[in-house]
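Note that the numbering runs from 1 along the sequence shown for the chain.
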Amino acid sequence: MSSTTSDVTDTADVTDTAAVIGSARERIDALDGRILELIGERMAVSASIQEARIASGGRRVHLSREMEILDRYRQTLGKPGTTLAMTLLELCRGRA
């Protein structure tokens with residue numbers, strides 16, 4: 001293979017790689033958008049549960065339920081799943 005042919009192949013590989021990366025990043029951005037929408041929805045549902053629990057004389061946070069959620073995330077994603085679940089729970093506890 002001559003150096004010119006090699007240079008063209010290398011350029012094509014770089015272009016293909018850039019296209020794959022660009023497409024994958026667009027997909028990640030779309031997924032992140034969906035995740036953020038779902039987190040917003042989760043926060044709203046959690047707020048309605050908290051309001052109902054408080055209105056009936058209960059506590060805003062239900063610790064055994066939070067432990068179930070932490071366990072589910074840990075079982076599925078390992079130790080980082082626990083961190084992710086803790087972050088979600090913190091976001092969803094609200095400010096009340």
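- In terms of the side chain to side chain donor-acceptor pair (under 3.5 Å) criterion, residue partners of R65 (sequence neighbours excluded) are, by chain and number, E68.
- A distance-only check finds a donor-acceptor pair linking the side chain of T17 to the backbone of D13 [under 3.5 Å].
- The side chain to side chain donor-acceptor pair (under 3.5 Å) search around E66 returns R93, not counting sequence neighbours.
- Annotation: side-chain contact (heavy atoms from CB on, under 4.5 Å) contacts of D29 (sequence neighbours excluded): none.
- Counting heavy atoms of neighbouring residues, nucleotides and ligands inside a 6.0 Å radius, atom CD of E41 does not exceed 12 of them.
- The OG1 atom of T11 sits 10.5 Å away from the CG atom of D16 when rounded to the nearest 0.5 Å.
- Residues P80 and L77 come closest through the heavy atom pair CD-O, 3.7 Å.
- For R74, the side chain to side chain donor-acceptor pair (under 3.5 Å) test picks out D71, with sequence neighbours left out.
- Listed by chain and number, the hydrophobic cluster partners of V45 are I49, where partners are ILVMFWY side chains within reach of under 4.5 Å, directly or through others.
- Atoms OG and NE2, on S46 and H62 in that order, are 12.5 Å from each other to the nearest 0.5 Å.
- Cluster annotation: M86 is not connected to L63 through the hydrophobic network of ILVMFWY side chains, with a link wherever side-chain heavy atoms come within less than 4.5 Å.
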Please step through side chain to side chain contact (heavy atoms under 4.5 Å, CB included) for the pair V61 and L89, ending with a clear verdict.
CA-CA 10 Å; V61 175; L89 291 169; over 6 Å; no
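- Pairing each heavy atom of Q50 with each of C92, the nearest pair is NE2-O, 2.5 Å.
- Taking hydrophobic clusters as Ile, Leu, Val, Met, Phe, Trp and Tyr residues chained together by side-chain heavy-atom distances below 4.5 Å, Y73 does not share a cluster with L38.
- Note on L84 and I35: same hydrophobic cluster, where clusters join Ile, Leu, Val, Met, Phe, Trp and Tyr whose side-chain heavy atoms are under 4.5 Å apart, directly or indirectly.
- Shortest non-hydrogen contact noted between R42 and I69 is NH2-CD1, 3.6 Å.
- Distance check: R34 CZ to D32 CG gives 11.0 Å after rounding to the nearest 0.5 Å.
- Grouping Ile, Leu, Val, Met, Phe, Trp and Tyr by side-chain contacts under 4.5 Å, direct or through others, leaves I28 on its own.
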